[in-house]
Structure formats: C-alpha cells, structure tokens
**Q** 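Got a structure for you, questions after.
Atoms considered below: every heavy atom in the structure, side chains included; atoms not considered: hydrogens, waters and symmetry mates.
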Amino acid sequence: MSVPDETFTVTPRPSAAGPYVLEVSGELDHHTAPLLAEAVNDAPFGPYGVVLDLSGLTFCDSSGITVFVSAHRRSRDQGSQLSLAGVAPAQMRILRMVGLDEVFTFHAGVDEAFRAARSSRP
C-alpha cells in the first residue's frame, strides 16, 4: 500500500524479522503531513519498532516535525522504538536546532536501523 500525493508518498515495508519501515518520499508539509500521520497511526509498533526512512524526503516543514514528535509519543506509549533513517544534512540541522536530536534515534540508513533493532532484542 502506498499513500500517494502529487509530490509525496509513504510506503509501508513490513518485516517479520526487523522493524516496520515507513518509506517517506517527497515534500512533507501541511498538505501531506496528514498522510504520514495516518500511516504512523496504522503502523504496528511492535518489538522491533518502526523506522521512518527519510532518505527520499526532499522537504520538511514544521507540520512534518509535528508528525515526527507525535510518532515518537506513540512509540513511547506502545513501549516500542521509533528511529529516523537517512536524514539529509539540511533536515538534520533543523532537527538539531529544535533539540530533536536529543529525542530521536538516528541511523544512516534502513540497513543500519535493522542491525540496531536486531542487536537490541534479547
């Protein structure tokens, strides 16, 4: 299932042996943020957690950051993990400016997130 917009998609990538991945591509703004919020609400925050693969994200405004924070709260409430993977340097700079680098776990890519999730399981 892919949730399309003219410039935005969220593609779920379920995995039985690792985290549930939501691949995010395009521009995340006040028009498209509800699509990501819906995908996060549908995601199963299980034992391996959820990874937001942001390697295809080309733009993110404050609406997108709000969705990230809501997703973090949901993961915490579920006793699960939320990681961000593939964050571009410009987007990472913004996350640092607002202090979210202290809140999220970051990975260079989805493969690294998978290794981290599997190694943290008993």
Side-chain angles (χ1 to χ4, degrees):
M1 172 189 132
S2 181
V3 182
D5 180 87
E6 289 180 25
T7 60
F8 185 76
T9 59
V10 178
T11 306
R13 305 257 186 242
S15 171
Y20 185 88
V21 176
L22 290 172
E23 186 179 290
V24 181
S25 297
E27 297 183 1
L28 180 54
D29 59 23
H30 69 281
H31 294 292
T32 58
L35 299 174
L36 180 56
E38 182 179 343
V40 166
N41 287 335
D42 291 343
F45 280 85
Y48 291 106
V50 171
V51 174
L52 297 181
D53 177 4
L54 304 179
S55 59
L57 192 65
T58 57
F59 175 81
C60 180
D61 72 5
S62 61
S63 301
I65 291 172
T66 299
V67 175
F68 298 159
V69 170
S70 295
H72 172 71
R73 287 184 184 135
R74 180 159 187 265
S75 72
R76 187 187 61 214
D77 292 347
Q78 298 288 320
S80 188
Q81 295 290 322
L82 174 72
S83 300
L84 305 183
V87 178
Q91 294 160 356
M92 183 59 106
R93 181 173 178 255
I94 292 168
L95 293 172
R96 280 189 185 111
M97 287 172 54
V98 296
L100 293 177
D101 60 322
E102 301 293 325
V103 174
F104 293 109
T105 301
F106 296 94
H107 299 286
V110 172
D111 290 341
E112 182 181 301
F114 263 73
R115 285 191 299 275
R118 286 190 291 241
S119 69
S120 70
R121 296 291 305 151

**Q** Answer whether the closest heavy-atom distance between the side chains of Cys60 and Ile65 falls below 4.5 Å.
**A**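 The answer is yes, as the side chains (C-beta and beyond) meet within the 4.5 Å cut-off.
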**Q** Which atom pair, heavy atoms only, marks the closest approach of Ala43 to Val50?
**A**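 In this case the closest contact between Ala43 and Val50 is CB-CG2, 4.1 Å.
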**Q** What are the two closest non-hydrogen atoms of Ser80 and Gly46, and how far apart are they?
**A**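 The answer is OG-O, 2.7 Å.
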**Q** Between the side chain of Arg76 and the main-chain N/O of Ala71, is any donor-acceptor distance below 3.5 Å?
**A**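 No.
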**Q** Taking side chain as C-beta onward, heavy atoms only, is Phe104 less than 4.5 Å from Leu52?
**A**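 Of all side-chain heavy-atom pairs linking Leu52 with Phe104, none is under 4.5 Å.
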**Q** For residues Thr7 and Phe59, determine if any side-chain heavy atom of one lies less than 4.5 Å from a side-chain heavy atom of the other.
**A**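 No. Closest side-chain heavy atoms not under 4.5 Å.
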**Q** Who passes salt bridge (charged side-chain N to carboxylate O under 4.0 Å, His left out) against Arg115, sequence neighbours left out?
**A**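 Applying salt bridge (charged side-chain N to carboxylate O under 4.0 Å, His left out) to Arg115 gives none.
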**Q** Do Leu57 and Leu28 come close enough that some side-chain heavy atom pair is under 4.5 Å?
**A**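 Yes - at least one pair of side-chain heavy atoms lies under 4.5 Å apart.
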**Q** With a 4.5 Å cut-off on side-chain heavy atoms, are Leu54 and Phe68 touching?
**A**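 Sidechains of Leu54 and Phe68: in contact.
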**Q** Please list, one pair per line, the donor and acceptor atoms closer than 3.5 Å that link side chains of residues 19-26 to other protein atoms, with sequence neighbours excluded.
**A**
| residue | atom | partner | partner atom | Å |
| --- | --- | --- | --- | --- |
| Glu23 | OE1 | Arg13 | NE | 3.2 |
| Glu23 | OE1 | Arg13 | NH2 | 3.4 |
| Glu23 | OE2 | Arg13 | NH2 | 3.3 |

**Q** What is the distance from atom CZ of Arg73 to atom OG of Ser70, rounded to the nearest 0.5 Å?
**A**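 Arg73 atom CZ to Ser70 atom OG measures 6.0 Å (nearest 0.5 Å).
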**Q** Quick one: CG on Asp61 to OG1 on Thr66, what's the gap to the nearest 0.5 Å?
**A**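 Asp61 CG to Thr66 OG1: 8.5 Å, rounded to 0.5 Å.
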**Q** Say you draw a straight line from CG of Asp77 to NE2 of His72; how long is it, rounded to the nearest 0.5 Å?
**A**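 Spacing of CG (Asp77) from NE2 (His72) equals 9.5 Å.
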**Q** Are any non-hydrogen side-chain atoms of His107 and Ser83 less than 4.5 angstrom apart?
**A**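 Touching, per the 4.5 Å side-chain cut-off.
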**Q** Calculate, to the nearest 0.5 Å, the distance between atoms CG and CZ belonging to Leu95 and Phe106 respectively.
**A**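 Those atoms lie 5.0 Å apart.
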**Q** Flag yes if Val10 and Val87 sit in one hydrophobic cluster, no otherwise; membership is Ile, Leu, Val, Met, Phe, Trp, Tyr, and two members link when side-chain heavy atoms are under 4.5 Å apart.
**A**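 Yes: a chain of side-chain contacts under 4.5 Å links Val10 to Val87.
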**Q** Do you know which two heavy atoms are closest between Ser75 and Leu82, and how far apart they sit?
**A**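 Minimum heavy-atom contact is OG-CB, 3.6 Å.
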**Q** Kindly say whether Thr32 contributes a backbone atom to a donor-acceptor pair with the side chain of Asp29 at under 3.5 angstrom?
**A**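 Yes; at least one donor-acceptor contact below 3.5 Å.
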**Q** Would you compute the distance between atom CZ of Arg96 and atom CD1 of Ile94 and round it to the nearest 0.5 angstrom?
**A**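 Rounded to the nearest 0.5 Å, the CZ-CD1 separation comes to 12.0 Å.
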**Q** Counting only heavy atoms not in Gln81, do more than 12 sit closer than 6.0 Å to its CD atom?
**A**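 Result for CD/Gln81: open.
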**Q** Counting distance only, does the side-chain N/O of Glu112 pair as donor-acceptor with the main-chain N or O of Gly86 below 3.5 Å?
**A**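 Absent.
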**Q** Is any side-chain heavy atom of Phe8 closer than 4.5 Å to one of Leu36?
**A**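 A side-chain contact exists here, since the closest heavy-atom pair is under 4.5 Å.
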**Q** Looking at CD of Glu27 and OG1 of Thr58, how far apart are the two atoms once the value is rounded to the nearest 0.5 Å?
**A**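 If I round to the nearest 0.5 Å, the distance is 4.5 Å.
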